[in-house]
Amino acid sequence: MRIERRHETEANAWTDQELVQRMRRDDEVAIREFYYRFTPALWREARRGRVQPALRDDVVNDCLADSALHLMQPSVPIPVNLTGYVVASLRHRLANERRAAKRRAAVGEAAASHQHAERVVREVCSEASIRASAGPVAEVPALSPALERLSRIVDAGISAEERQLLRWVSASIPQRLIAEWLGITHNAVRVRVLRLRDRLMAVALRDDGPWRQGEREALYEFFRRCGLPERARRALDVRRARGSPQRGRPPTGHPNAEKEDQ
Amino acid sequence: MRYDDHDPTPNDVERLGNERVKDLLVRLVGERAMQRLDPLDPGESRFLEWCAREARLTLSVADRQTLERGVDRFVREVRARRAVQRLRVREVPAEPESAPAWEEGTLSQVLASAARARHAPVLDLSVAAGAGRELWDEPCDRWIPLPQDSPDGRYVALRVTGDSMVPLLHDGDTILVKLGDELMPDAVVVARVPDGGYVVKRVGGIVGSRVELTSLNADYPPIVIPRDPSLVLGTVLLRWCTHGSAAA
(Lines give C-alpha, C1' and ligand atoms only; values in the text may rest on other atoms or scores of the structure.)
Protein backbone atom coordinates (compact mmCIF):
# COMPACT_ATOMS: atom_id res chain seq x y z
CA MET A 1 0.00 0.00 0.00
CA ARG A 2 2.78 2.39 0.96
CA ILE A 3 4.65 1.63 -2.27
CA GLU A 4 1.49 2.29 -4.26
CA ARG A 5 1.01 5.66 -2.52
CA ARG A 6 4.62 6.62 -3.31
CA HIS A 7 4.04 5.83 -6.98
CA GLU A 8 0.91 7.93 -6.99
CA THR A 9 2.73 10.90 -5.47
CA GLU A 10 5.35 10.63 -8.20
CA ALA A 11 2.61 10.35 -10.80
CA ASN A 12 1.14 13.59 -9.54
CA ALA A 13 4.16 15.45 -10.90
CA TRP A 14 4.00 13.97 -14.42
CA THR A 15 3.08 16.35 -17.21
CA ASP A 16 0.03 15.50 -19.32
CA GLN A 17 2.24 14.40 -22.23
CA GLU A 18 4.27 12.13 -19.97
CA LEU A 19 1.08 10.70 -18.49
CA VAL A 20 -0.33 9.71 -21.89
CA GLN A 21 3.01 8.23 -22.99
CA ARG A 22 3.03 6.00 -19.94
CA MET A 23 -0.61 5.03 -20.44
CA ARG A 24 0.31 3.88 -23.93
CA ARG A 25 2.84 1.54 -22.36
CA ASP A 26 -0.04 0.10 -20.29
CA ASP A 27 1.30 1.48 -17.01
CA GLU A 28 -1.35 0.91 -14.34
CA VAL A 29 -0.16 3.81 -12.17
CA ALA A 30 -0.60 6.14 -15.16
CA ILE A 31 -4.17 4.94 -15.80
CA ARG A 32 -4.96 5.49 -12.12
CA GLU A 33 -3.44 8.95 -12.24
CA PHE A 34 -5.47 9.80 -15.37
CA TYR A 35 -8.61 8.87 -13.43
CA TYR A 36 -7.61 10.83 -10.32
CA ARG A 37 -6.50 13.86 -12.33
CA PHE A 38 -9.61 14.37 -14.44
CA THR A 39 -12.58 12.80 -12.62
CA PRO A 40 -13.14 15.67 -10.11
CA ALA A 41 -13.04 18.25 -12.93
CA LEU A 42 -15.53 16.20 -14.95
CA TRP A 43 -17.81 15.88 -11.93
CA ARG A 44 -17.93 19.67 -11.77
CA GLU A 45 -18.55 19.88 -15.48
CA ALA A 46 -21.34 17.29 -15.16
CA ARG A 47 -23.00 19.35 -12.44
CA ARG A 48 -22.71 22.41 -14.66
CA GLY A 49 -24.26 20.39 -17.51
CA ARG A 50 -27.13 19.44 -15.16
CA VAL A 51 -26.48 15.69 -15.23
CA GLN A 52 -28.76 13.87 -12.81
CA PRO A 53 -26.71 13.30 -9.62
CA ALA A 54 -27.52 9.58 -9.48
CA LEU A 55 -26.10 9.04 -12.98
CA ARG A 56 -23.08 11.32 -12.62
CA ASP A 57 -20.53 8.60 -11.84
CA ASP A 58 -21.57 6.38 -14.74
CA VAL A 59 -21.65 9.21 -17.28
CA VAL A 60 -18.25 10.54 -16.19
CA ASN A 61 -16.66 7.08 -16.01
CA ASP A 62 -17.85 6.12 -19.49
CA CYS A 63 -16.63 9.37 -20.95
CA LEU A 64 -13.25 9.17 -19.24
CA ALA A 65 -12.74 5.54 -20.29
CA ASP A 66 -13.57 6.44 -23.91
CA SER A 67 -11.07 9.31 -23.82
CA ALA A 68 -8.40 7.12 -22.22
CA LEU A 69 -8.83 4.39 -24.85
CA HIS A 70 -8.70 6.90 -27.68
CA LEU A 71 -5.57 8.54 -26.30
CA MET A 72 -3.88 5.18 -25.73
CA GLN A 73 -3.83 4.45 -29.45
CA PRO A 74 -0.28 5.12 -30.66
CA SER A 75 -1.46 6.76 -33.89
CA VAL A 76 -3.46 9.47 -32.10
CA PRO A 77 -1.54 12.73 -31.51
CA ILE A 78 -1.44 13.77 -27.85
CA PRO A 79 -3.53 16.94 -27.38
CA VAL A 80 -1.65 20.02 -26.17
CA ASN A 81 -4.48 20.90 -23.81
CA LEU A 82 -5.39 17.54 -22.31
CA THR A 83 -7.78 18.90 -19.67
CA GLY A 84 -9.61 20.84 -22.36
CA TYR A 85 -9.78 17.72 -24.51
CA VAL A 86 -11.36 15.65 -21.72
CA VAL A 87 -13.80 18.41 -20.74
CA ALA A 88 -14.78 18.92 -24.39
CA SER A 89 -15.46 15.21 -24.81
CA LEU A 90 -17.87 15.27 -21.86
CA ARG A 91 -19.58 18.37 -23.23
CA HIS A 92 -20.06 16.75 -26.62
CA ARG A 93 -21.47 13.66 -24.98
CA LEU A 94 -23.96 15.70 -22.96
CA ALA A 95 -24.94 17.71 -26.04
CA ASN A 96 -25.63 14.43 -27.86
CA GLU A 97 -27.71 13.22 -24.93
CA ARG A 98 -29.72 16.44 -24.99
CA ARG A 99 -30.36 16.12 -28.72
CA ALA A 100 -31.41 12.50 -28.29
CA ALA A 101 -33.77 13.43 -25.44
CA LYS A 102 -35.31 16.14 -27.62
CA ARG A 103 -35.84 13.63 -30.43
CA ARG A 104 -37.46 11.17 -28.04
CA ALA A 105 -39.70 13.91 -26.65
CA ALA A 106 -40.74 14.87 -30.19
CA VAL A 107 -41.63 11.26 -30.97
CA GLY A 108 -43.60 11.07 -27.72
CA GLU A 109 -45.53 14.21 -28.55
CA ALA A 110 -46.30 12.99 -32.04
CA ALA A 111 -47.63 9.76 -30.55
CA ALA A 112 -49.67 11.62 -27.94
CA SER A 113 -51.33 13.82 -30.55
CA HIS A 114 -52.78 10.76 -32.23
CA GLN A 115 -56.39 10.05 -31.40
CA HIS A 116 -56.05 7.12 -29.04
CA ALA A 117 -52.35 7.08 -28.46
CA GLU A 118 -52.37 9.55 -25.60
CA ARG A 119 -54.41 7.24 -23.47
CA VAL A 120 -52.15 4.33 -24.40
CA VAL A 121 -48.98 6.28 -23.54
CA ARG A 122 -50.43 7.34 -20.20
CA GLU A 123 -51.47 3.82 -19.35
CA VAL A 124 -48.32 2.07 -20.47
CA CYS A 125 -45.64 4.46 -19.21
CA SER A 126 -45.03 4.96 -15.53
CA GLU A 127 -43.75 8.31 -14.24
CA ALA A 128 -40.35 6.68 -13.64
CA SER A 129 -40.10 5.30 -17.16
CA ILE A 130 -41.00 8.67 -18.66
CA ARG A 131 -38.29 10.29 -16.51
CA ALA A 132 -35.80 7.57 -17.45
CA SER A 133 -36.48 8.10 -21.15
CA ALA A 134 -35.34 11.71 -20.74
CA GLY A 135 -31.76 10.44 -20.40
CA PRO A 136 -29.07 11.45 -17.92
CA VAL A 137 -29.37 15.18 -18.56
CA ALA A 138 -32.18 16.80 -16.63
CA GLU A 139 -34.38 19.07 -18.70
CA VAL A 140 -35.28 21.39 -15.82
CA PRO A 141 -33.78 24.84 -16.31
CA ALA A 142 -31.14 25.85 -13.76
CA LEU A 143 -32.53 29.35 -13.24
CA SER A 144 -35.84 31.16 -13.17
CA PRO A 145 -36.72 32.56 -16.63
CA ALA A 146 -36.12 36.18 -15.53
CA LEU A 147 -32.66 35.39 -14.13
CA GLU A 148 -31.83 33.27 -17.15
CA ARG A 149 -32.65 36.25 -19.33
CA LEU A 150 -30.78 38.66 -17.09
CA SER A 151 -27.66 36.50 -17.31
CA ARG A 152 -28.03 36.31 -21.09
CA ILE A 153 -28.45 40.08 -21.45
CA VAL A 154 -25.52 40.89 -19.16
CA ASP A 155 -23.41 38.29 -20.94
CA ALA A 156 -24.21 39.89 -24.30
CA GLY A 157 -23.20 43.29 -22.94
CA ILE A 158 -19.62 42.39 -22.01
CA SER A 159 -16.58 41.87 -24.21
CA ALA A 160 -14.63 38.63 -24.69
CA GLU A 161 -11.79 39.84 -22.44
CA GLU A 162 -14.24 40.80 -19.73
CA ARG A 163 -15.88 37.41 -20.05
CA GLN A 164 -12.55 35.67 -19.63
CA LEU A 165 -11.76 37.71 -16.53
CA LEU A 166 -15.25 37.01 -15.20
CA ARG A 167 -14.68 33.25 -15.63
CA TRP A 168 -11.48 33.47 -13.66
CA VAL A 169 -13.00 35.65 -10.94
CA SER A 170 -16.06 33.45 -10.55
CA ALA A 171 -13.81 30.37 -10.33
CA SER A 172 -12.09 32.11 -7.34
CA ILE A 173 -8.67 32.24 -8.95
CA PRO A 174 -6.31 34.37 -6.84
CA GLN A 175 -5.71 37.83 -8.28
CA ARG A 176 -1.94 37.33 -8.05
CA LEU A 177 -2.22 34.31 -10.35
CA ILE A 178 -4.42 36.24 -12.80
CA ALA A 179 -1.78 38.99 -12.80
CA GLU A 180 0.87 36.39 -13.63
CA TRP A 181 -1.21 34.91 -16.47
CA LEU A 182 -1.99 38.31 -17.96
CA GLY A 183 1.52 39.66 -17.39
CA ILE A 184 0.32 42.75 -15.51
CA THR A 185 0.65 43.94 -11.93
CA HIS A 186 -1.57 42.76 -9.10
CA ASN A 187 -2.92 46.27 -8.67
CA ALA A 188 -3.94 46.43 -12.34
CA VAL A 189 -5.88 43.19 -11.90
CA ARG A 190 -7.59 44.59 -8.81
CA VAL A 191 -8.71 47.65 -10.78
CA ARG A 192 -9.91 45.51 -13.70
CA VAL A 193 -11.97 43.34 -11.39
CA LEU A 194 -13.55 46.38 -9.74
CA ARG A 195 -14.37 47.83 -13.15
CA LEU A 196 -15.80 44.54 -14.30
CA ARG A 197 -18.11 44.35 -11.29
CA ASP A 198 -19.33 47.89 -11.95
CA ARG A 199 -19.81 47.08 -15.59
CA LEU A 200 -21.98 44.06 -14.76
CA MET A 201 -24.10 46.22 -12.51
CA ALA A 202 -24.38 48.92 -15.18
CA VAL A 203 -25.50 46.44 -17.84
CA ALA A 204 -27.93 44.73 -15.45
CA LEU A 205 -29.61 47.99 -14.46
CA ARG A 206 -29.76 49.40 -17.97
CA ASP A 207 -33.30 50.51 -18.57
CA ASP A 208 -33.46 50.34 -22.33
CA GLY A 209 -32.50 46.69 -22.40
CA PRO A 210 -34.53 44.28 -24.53
CA TRP A 211 -36.83 43.29 -21.68
CA ARG A 212 -40.09 41.50 -22.12
CA GLN A 213 -43.35 42.26 -20.37
CA GLY A 214 -43.09 41.76 -16.62
CA GLU A 215 -39.41 40.82 -16.59
CA ARG A 216 -38.23 44.22 -15.41
CA GLU A 217 -40.60 44.02 -12.44
CA ALA A 218 -39.40 40.51 -11.60
CA LEU A 219 -35.84 41.79 -11.61
CA TYR A 220 -36.65 44.79 -9.41
CA GLU A 221 -38.12 42.35 -6.95
CA PHE A 222 -35.01 40.19 -7.19
CA PHE A 223 -32.72 43.16 -6.64
CA ARG A 224 -34.83 44.34 -3.71
CA ARG A 225 -34.47 40.94 -2.07
CA CYS A 226 -30.73 40.95 -2.72
CA GLY A 227 -30.54 44.23 -0.83
CA LEU A 228 -30.02 46.75 -3.61
CA PRO A 229 -30.30 50.14 -1.82
CA GLU A 230 -33.58 51.96 -1.92
CA ARG A 231 -31.94 55.05 -3.42
CA ALA A 232 -30.63 53.17 -6.45
CA ARG A 233 -33.98 51.56 -7.07
CA ARG A 234 -35.75 54.92 -6.72
CA ALA A 235 -33.38 56.40 -9.28
CA LEU A 236 -34.26 53.53 -11.61
CA ASP A 237 -37.98 54.07 -11.06
CA VAL A 238 -37.64 57.79 -11.85
CA ARG A 239 -35.77 57.05 -15.04
CA ARG A 240 -38.37 54.48 -15.98
CA ALA A 241 -41.21 56.93 -15.30
CA ARG A 242 -39.48 59.53 -17.50
CA GLY A 243 -39.20 56.92 -20.19
CA SER A 244 -35.68 58.07 -20.80
CA PRO A 245 -33.91 56.07 -23.53
CA GLN A 246 -30.45 56.94 -22.16
CA ARG A 247 -28.24 54.26 -20.74
CA GLY A 248 -28.40 53.81 -17.00
CA ARG A 249 -25.38 54.50 -14.90
CA PRO A 250 -24.33 52.36 -11.98
CA PRO A 251 -25.92 53.88 -8.89
CA THR A 252 -22.71 54.12 -6.89
CA GLY A 253 -20.14 52.84 -9.29
CA HIS A 254 -16.41 52.96 -9.17
CA PRO A 255 -15.11 56.20 -10.76
CA ASN A 256 -13.32 54.10 -13.40
CA ALA A 257 -16.61 52.72 -14.63
CA GLU A 258 -17.69 56.26 -15.51
CA LYS A 259 -14.56 56.75 -17.56
CA GLU A 260 -15.12 53.52 -19.42
CA ASP A 261 -18.64 54.47 -20.42
CA GLN A 262 -17.58 57.78 -21.95
CA MET B 1 -9.63 54.15 16.86
CA ARG B 2 -11.09 51.01 15.36
CA TYR B 3 -12.90 51.42 12.08
CA ASP B 4 -15.57 48.77 12.75
CA ASP B 5 -16.69 50.45 16.00
CA HIS B 6 -19.16 52.91 14.59
CA ASP B 7 -22.77 52.11 13.65
CA PRO B 8 -23.25 51.62 9.92
CA THR B 9 -24.24 54.83 8.15
CA PRO B 10 -26.78 54.82 5.28
CA ASN B 11 -23.84 55.06 2.91
CA ASP B 12 -22.30 51.87 4.31
CA VAL B 13 -25.58 50.03 3.94
CA GLU B 14 -25.88 51.23 0.37
CA ARG B 15 -22.36 50.17 -0.47
CA LEU B 16 -22.86 46.74 1.09
CA GLY B 17 -26.10 46.26 -0.83
CA ASN B 18 -24.40 47.18 -4.05
CA GLU B 19 -21.50 44.83 -3.43
CA ARG B 20 -23.89 42.00 -2.66
CA VAL B 21 -25.73 42.51 -5.93
CA LYS B 22 -22.41 42.61 -7.78
CA ASP B 23 -21.34 39.35 -6.11
CA LEU B 24 -24.58 37.76 -7.25
CA LEU B 25 -24.13 39.05 -10.77
CA VAL B 26 -20.58 37.70 -10.89
CA ARG B 27 -21.88 34.27 -9.89
CA LEU B 28 -24.86 34.42 -12.22
CA VAL B 29 -23.06 35.61 -15.32
CA GLY B 30 -19.86 33.72 -14.39
CA GLU B 31 -21.77 30.47 -14.71
CA ARG B 32 -22.92 31.43 -18.20
CA ALA B 33 -19.39 32.53 -19.08
CA MET B 34 -18.16 29.08 -18.00
CA GLN B 35 -20.69 27.45 -20.28
CA ARG B 36 -19.54 29.61 -23.18
CA LEU B 37 -15.92 28.64 -22.61
CA ASP B 38 -14.34 26.74 -25.49
CA PRO B 39 -12.37 23.97 -23.72
CA LEU B 40 -10.14 23.40 -26.74
CA ASP B 41 -8.96 27.02 -26.88
CA PRO B 42 -5.19 26.86 -26.18
CA GLY B 43 -5.44 30.20 -24.33
CA GLU B 44 -7.62 28.56 -21.71
CA SER B 45 -5.41 25.55 -21.00
CA ARG B 46 -3.79 27.11 -17.89
CA PHE B 47 -7.19 28.01 -16.53
CA LEU B 48 -8.64 24.54 -17.10
CA GLU B 49 -5.58 22.88 -15.59
CA TRP B 50 -5.94 25.11 -12.57
CA CYS B 51 -9.63 24.21 -12.27
CA ALA B 52 -8.86 20.48 -12.52
CA ARG B 53 -6.17 20.73 -9.82
CA GLU B 54 -8.47 22.78 -7.63
CA ALA B 55 -11.36 20.35 -8.09
CA ARG B 56 -9.06 17.48 -7.08
CA LEU B 57 -7.77 19.28 -3.99
CA THR B 58 -11.13 20.48 -2.72
CA LEU B 59 -13.11 17.24 -2.98
CA SER B 60 -15.64 16.57 -0.25
CA VAL B 61 -15.12 13.52 1.97
CA ALA B 62 -17.97 11.64 0.27
CA ASP B 63 -16.64 12.42 -3.21
CA ARG B 64 -13.13 11.40 -2.18
CA GLN B 65 -14.49 8.03 -1.08
CA THR B 66 -16.40 7.62 -4.34
CA LEU B 67 -13.20 8.44 -6.22
CA GLU B 68 -11.20 5.85 -4.28
CA ARG B 69 -13.89 3.22 -4.78
CA GLY B 70 -14.11 3.79 -8.52
CA VAL B 71 -10.42 3.69 -9.47
CA ASP B 72 -9.99 -0.10 -9.59
CA ARG B 73 -13.14 -0.52 -11.66
CA PHE B 74 -11.90 2.15 -14.05
CA VAL B 75 -8.49 0.51 -14.52
CA ARG B 76 -10.14 -2.90 -15.09
CA GLU B 77 -12.57 -1.47 -17.61
CA VAL B 78 -9.91 0.41 -19.57
CA ARG B 79 -7.63 -2.62 -19.71
CA ALA B 80 -10.39 -5.00 -20.75
CA ARG B 81 -11.58 -2.69 -23.49
CA ARG B 82 -8.00 -2.15 -24.66
CA ALA B 83 -7.60 -5.90 -24.88
CA VAL B 84 -10.77 -6.04 -27.01
CA GLN B 85 -9.34 -3.41 -29.36
CA ARG B 86 -6.20 -5.50 -29.83
CA LEU B 87 -8.04 -8.74 -30.47
CA ARG B 88 -9.25 -7.71 -33.91
CA VAL B 89 -12.55 -9.59 -33.76
CA ARG B 90 -14.91 -7.69 -36.05
CA GLU B 91 -18.21 -6.61 -34.57
CA VAL B 92 -21.58 -6.68 -36.32
CA PRO B 93 -24.01 -4.78 -34.11
CA ALA B 94 -27.07 -6.87 -35.04
CA GLU B 95 -28.58 -10.31 -34.67
CA PRO B 96 -27.38 -12.77 -37.35
CA GLU B 97 -29.87 -13.61 -40.09
CA SER B 98 -30.19 -17.36 -39.86
CA ALA B 99 -32.19 -19.48 -42.29
CA PRO B 100 -33.39 -23.10 -42.16
CA ALA B 101 -30.64 -25.54 -43.08
CA TRP B 102 -30.48 -26.71 -46.70
CA GLU B 103 -29.48 -30.15 -45.55
CA GLU B 104 -30.38 -32.09 -42.40
CA GLY B 105 -27.68 -33.80 -40.35
CA THR B 106 -25.02 -33.49 -37.72
CA LEU B 107 -22.33 -30.83 -37.93
CA SER B 108 -19.74 -33.17 -39.41
CA GLN B 109 -22.21 -34.29 -42.11
CA VAL B 110 -23.34 -30.84 -43.25
CA LEU B 111 -20.08 -28.91 -42.88
CA ALA B 112 -18.79 -29.52 -46.40
CA SER B 113 -22.05 -28.63 -48.16
CA ALA B 114 -22.51 -25.53 -45.97
CA ALA B 115 -18.99 -24.38 -46.90
CA ARG B 116 -19.76 -24.85 -50.61
CA ALA B 117 -22.91 -22.74 -50.21
CA ARG B 118 -20.92 -20.12 -48.21
CA HIS B 119 -22.95 -20.70 -45.06
CA ALA B 120 -22.05 -21.51 -41.46
CA PRO B 121 -24.13 -24.01 -39.44
CA VAL B 122 -25.31 -22.55 -36.09
CA LEU B 123 -24.95 -24.36 -32.79
CA ASP B 124 -25.15 -23.52 -29.10
CA LEU B 125 -21.73 -23.70 -27.56
CA SER B 126 -23.29 -25.00 -24.34
CA VAL B 127 -24.85 -28.11 -25.97
CA ALA B 128 -21.47 -29.77 -26.04
CA ALA B 129 -20.65 -28.77 -22.47
CA GLY B 130 -21.12 -32.28 -21.09
CA ALA B 131 -18.07 -34.50 -20.87
CA GLY B 132 -17.76 -36.93 -23.74
CA ARG B 133 -20.03 -35.03 -26.13
CA GLU B 134 -18.50 -33.81 -29.34
CA LEU B 135 -19.58 -30.70 -31.18
CA TRP B 136 -19.31 -32.63 -34.45
CA ASP B 137 -22.08 -35.01 -33.48
CA GLU B 138 -24.63 -32.31 -32.69
CA PRO B 139 -27.50 -31.86 -35.17
CA CYS B 140 -27.92 -28.36 -36.60
CA ASP B 141 -31.05 -27.13 -38.30
CA ARG B 142 -30.16 -23.47 -39.04
CA TRP B 143 -27.44 -21.90 -41.17
CA ILE B 144 -26.10 -18.35 -41.31
CA PRO B 145 -24.89 -16.87 -44.63
CA LEU B 146 -21.22 -15.86 -44.49
CA PRO B 147 -20.37 -12.14 -44.81
CA GLN B 148 -19.30 -11.13 -48.33
CA ASP B 149 -15.67 -10.41 -47.47
CA SER B 150 -14.89 -13.55 -45.47
CA PRO B 151 -12.35 -15.84 -47.18
CA ASP B 152 -13.37 -19.31 -48.35
CA GLY B 153 -13.12 -22.06 -45.78
CA ARG B 154 -15.10 -24.08 -43.31
CA TYR B 155 -16.98 -22.05 -40.74
CA VAL B 156 -19.27 -22.69 -37.83
CA ALA B 157 -21.36 -20.12 -35.92
CA LEU B 158 -21.71 -20.60 -32.18
CA ARG B 159 -23.99 -19.01 -29.62
CA VAL B 160 -22.00 -18.02 -26.53
CA THR B 161 -23.04 -18.56 -22.93
CA GLY B 162 -21.42 -17.08 -19.84
CA ASP B 163 -19.63 -13.83 -19.10
CA SER B 164 -15.97 -14.86 -19.02
CA MET B 165 -15.18 -12.82 -22.16
CA VAL B 166 -17.02 -9.62 -21.22
CA PRO B 167 -16.64 -6.96 -22.66
CA LEU B 168 -15.83 -8.76 -25.94
CA LEU B 169 -18.58 -11.36 -25.79
CA HIS B 170 -21.81 -11.30 -23.83
CA ASP B 171 -24.22 -14.05 -22.96
CA GLY B 172 -26.30 -14.77 -26.07
CA ASP B 173 -23.89 -13.30 -28.67
CA THR B 174 -23.10 -15.32 -31.79
CA ILE B 175 -19.54 -15.80 -33.03
CA LEU B 176 -18.22 -16.90 -36.41
CA VAL B 177 -15.40 -19.41 -36.06
CA LYS B 178 -13.04 -20.32 -38.91
CA LEU B 179 -12.14 -23.95 -38.41
CA GLY B 180 -8.62 -25.28 -38.28
CA ASP B 181 -6.80 -21.96 -38.23
CA GLU B 182 -3.27 -21.69 -36.96
CA LEU B 183 -2.89 -20.86 -33.28
CA MET B 184 -1.63 -17.28 -32.82
CA PRO B 185 -0.97 -15.34 -29.60
CA ASP B 186 -3.73 -12.82 -28.80
CA ALA B 187 -6.21 -14.59 -31.07
CA VAL B 188 -9.62 -15.55 -29.68
CA VAL B 189 -10.15 -19.29 -30.13
CA VAL B 190 -12.71 -21.96 -29.39
CA ALA B 191 -10.93 -24.85 -27.69
CA ARG B 192 -11.92 -28.12 -26.08
CA VAL B 193 -10.72 -28.45 -22.51
CA PRO B 194 -10.03 -32.18 -21.98
CA ASP B 195 -12.48 -32.54 -19.10
CA GLY B 196 -14.73 -29.50 -19.39
CA GLY B 197 -16.33 -29.12 -22.81
CA TYR B 198 -15.76 -26.22 -25.24
CA VAL B 199 -14.64 -22.74 -24.20
CA VAL B 200 -14.06 -19.40 -25.97
CA LYS B 201 -10.82 -17.85 -24.72
CA ARG B 202 -7.96 -15.58 -25.70
CA VAL B 203 -4.60 -17.23 -26.39
CA GLY B 204 -2.46 -15.72 -23.63
CA GLY B 205 0.78 -17.49 -24.48
CA ILE B 206 2.24 -20.57 -26.12
CA VAL B 207 5.07 -22.04 -24.07
CA GLY B 208 6.64 -25.26 -25.34
CA SER B 209 3.92 -27.87 -25.46
CA ARG B 210 1.40 -25.88 -23.44
CA VAL B 211 -1.08 -23.20 -24.39
CA GLU B 212 -2.41 -20.73 -21.83
CA LEU B 213 -5.98 -19.60 -22.45
CA THR B 214 -7.10 -16.46 -20.60
CA SER B 215 -10.48 -14.80 -20.05
CA LEU B 216 -11.07 -11.07 -20.44
CA ASN B 217 -13.15 -11.05 -17.27
CA ALA B 218 -10.63 -10.92 -14.43
CA ASP B 219 -12.88 -13.10 -12.23
CA TYR B 220 -12.00 -16.19 -14.28
CA PRO B 221 -8.56 -17.83 -13.85
CA PRO B 222 -6.48 -18.83 -16.92
CA ILE B 223 -6.69 -22.39 -18.27
CA VAL B 224 -3.68 -24.36 -19.49
CA ILE B 225 -4.21 -27.05 -22.17
CA PRO B 226 -1.73 -29.23 -24.08
CA ARG B 227 -0.65 -27.86 -27.47
CA ASP B 228 -2.67 -30.29 -29.52
CA PRO B 229 -4.28 -29.16 -32.83
CA SER B 230 -7.22 -31.49 -32.23
CA LEU B 231 -8.13 -29.55 -29.07
CA VAL B 232 -8.47 -26.21 -30.87
CA LEU B 233 -11.61 -25.92 -32.97
CA GLY B 234 -10.75 -22.63 -34.70
CA THR B 235 -10.32 -18.86 -34.50
CA VAL B 236 -13.10 -16.36 -33.86
CA LEU B 237 -13.25 -13.83 -36.73
CA LEU B 238 -16.50 -12.01 -36.12
CA ARG B 239 -19.12 -11.48 -33.47
CA TRP B 240 -22.77 -10.55 -33.79
CA CYS B 241 -23.28 -8.47 -30.67
CA THR B 242 -26.29 -6.32 -29.78
CA HIS B 243 -24.95 -5.04 -26.46
CA GLY B 244 -24.25 -1.51 -27.64
CA SER B 245 -20.88 0.03 -28.29
CA ALA B 246 -19.53 -0.83 -24.84
CA ALA B 247 -16.73 -2.77 -26.44
CA ALA B 248 -16.17 -0.50 -29.44
Side-chain angles (χ1 to χ4, degrees), chain A residues 16 26 28 31-32 35-41 43-44 48 57 61 64-65 68-69 72-73 79-81 83-88 91 142-143 147 150-152 154-155 158 163-164 166-173 177 181 196-198 200-201 204 223 226-229 231-232 250-252, chain B residues 10-11 13-59 63-64 66-75 77-79 81-82 85 245-246 248:
Chain A
D16 288 345
D26 209 22
E28 184 180 334
I31 301 175
R32 293 172 86 89
Y35 173 83
Y36 282 132
R37 197 172 281 192
F38 297 116
T39 304
W43 281 349
R44 283 199 179 178
R48 196 169 291 127
D57 292 354
N61 252 22
L64 207 58
L69 283 166
M72 280 160 89
Q73 292 171 23
V80 184
N81 173 5
T83 317
Y85 171 83
V86 176
V87 170
R91 281 194 179 188
L143 292 169
L147 285 188
L150 173 72
S151 76
R152 198 174 307 155
V154 177
D155 185 70
I158 57 177
R163 194 171 296 122
Q164 188 183 43
L166 180 61
R167 266 199 291 271
W168 295 352
V169 170
S170 68
S172 314
I173 293 186
L177 194 58
W181 288 355
L196 173 70
R197 289 164 65 86
D198 290 339
L200 290 183
M201 188 83 152
F223 283 137
C226 295
L228 184 73
R231 194 139 63 98
T252 52
Chain B
N11 257 345
V13 174
E14 189 165 305
R15 192 169 48 75
L16 269 177
N18 271 332
E19 291 306 311
R20 213 155 38 205
V21 173
K22 284 177 197 167
D23 283 346
L24 269 161
L25 282 171
V26 166
R27 276 177 55 193
L28 187 71
V29 190
E31 198 55 28
R32 175 168 286 272
M34 284 297 275
Q35 282 167 5
R36 283 187 61 174
L37 162 80
D38 174 15
L40 297 176
D41 181 359
E44 299 289 356
S45 60
R46 272 179 313 194
F47 171 55
L48 283 170
E49 272 169 29
W50 189 90
C51 286
R53 257 201 313 276
E54 186 69 8
R56 185 176 176 179
L57 290 175
T58 56
L59 276 180
D63 275 349
R64 194 171 293 280
T66 315
L67 194 72
E68 291 291 338
R69 270 202 307 271
V71 66
D72 289 328
R73 199 186 107 193
F74 180 77
V75 172
E77 186 187 334
V78 167
R79 286 197 150 166
R81 283 173 56 179
R82 185 126 200 260
Q85 275 180 353
S245 57

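Residue numbers start from 1 in every chain, and the chains themselves are labelled A, B, ... in the order their sequence lines are given, proteins ahead of strands.
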Given side chains that start at C-beta, do those of B:Trp50 and A:Trp168 come closer than 4.5 Å, heavy atoms only?
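Of all side-chain heavy-atom pairs linking A:Trp168 with B:Trp50, none is under 4.5 Å.
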
Side-chain heavy atoms of B:Arg79 within contact of A:Asp26, under 4.5 Å
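Result yes, sub-4.5 Å side-chain heavy-atom pair found.
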
For [X], is it the side chain, the backbone, both or neither that has a heavy atom under 4.5 Å from a heavy atom of chain A?
| X | value |
| --- | --- |
| B:Leu25 | both |
| B:Asp23 | both |
| B:Leu28 | both |
| B:Arg73 | side chain |

Restricting to ring-ring contact (aromatic ring centres under 6.0 Å, His included), what partner residues turn up for B:Phe74, sequence neighbours left out?
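Expected list: A:Tyr35.
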
Distance check, rounded to the nearest 0.5 Å: [X] atom [atom1] versus [Y] atom [atom2]?
| X | Y | atom1 | atom2 | answer |
| --- | --- | --- | --- | --- |
| B:Leu48 | A:Phe38 | CG | CZ | 10.0 Å |
| B:Glu31 | A:Asp155 | CD | CG | 11.5 Å |
| A:Asn81 | B:Phe47 | CG | CZ | 11.5 Å |
| B:Gln35 | A:Arg167 | CD | CZ | 11.5 Å |

How far apart are the closest heavy atoms of [X] and [Y], and which atoms are they?
| X | Y | answer |
| --- | --- | --- |
| B:Val26 | A:Val169 | CG1-CG1, 4.1 Å |
| A:Leu166 | B:Ala33 | CD2-CB, 4.3 Å |
| B:Glu68 | A:Tyr36 | OE1-OH, 3.0 Å |
| A:Arg32 | B:Val75 | CG-CG2, 3.7 Å |
| B:Val78 | A:Ala68 | CG2-CB, 4.3 Å |
| B:Thr66 | A:Trp43 | CB-CH2, 4.0 Å |

Residues in side-chain contact (heavy atoms from CB on, under 4.5 Å) with B:Ala55, at least two apart?
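By the side-chain contact (heavy atoms from CB on, under 4.5 Å) rule, B:Ala55 matches A:Pro40, A:Arg44.
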
Heavy-atom pair count under 4.5 Å with chain A, highest-scoring of B:Pro42, B:Gly43, B:Gly30:
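When all of B:Pro42, B:Gly43, B:Gly30 are compared, B:Gly30 has the most.
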
Sort out for me which of B:Glu49, B:Arg27, B:Arg53, B:Arg36 touches chain A most, counting heavy-atom pairs under 4.5 Å.
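Top count of heavy-atom pairs under 4.5 Å with chain A: B:Arg36.
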
Just give me the residue among [options] that pairs up with chain B most often, heavy atom to heavy atom, under 4.5 Å.
| options | answer |
| --- | --- |
| A:Val87, A:Ile173, A:Asn61, A:Val154 | A:Ile173 |
| A:Ala171, A:Ser151, A:Ser170 | A:Ser151 |
| A:Arg37, A:Arg91, A:Gln164 | A:Arg91 |
| A:Leu200, A:Val86, A:Asp16 | A:Leu200 |
| A:Leu64, A:Asp57, A:Thr39 | A:Leu64 |

Take A:Met72 and B:Gln85 through the side-chain contact (heavy atoms from CB on, under 4.5 Å) test and state the conclusion after the steps.
CA-CA 11 Å; A:Met72 280 160 89; B:Gln85 275 180 353; over 6 Å; no

Is a side-chain donor or acceptor of A:Arg163 paired with a backbone partner of B:Leu37 at a separation under 3.5 angstrom?
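Side chain of A:Arg163 to backbone of B:Leu37, a donor-acceptor pair under 3.5 Å: no, none is there.
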
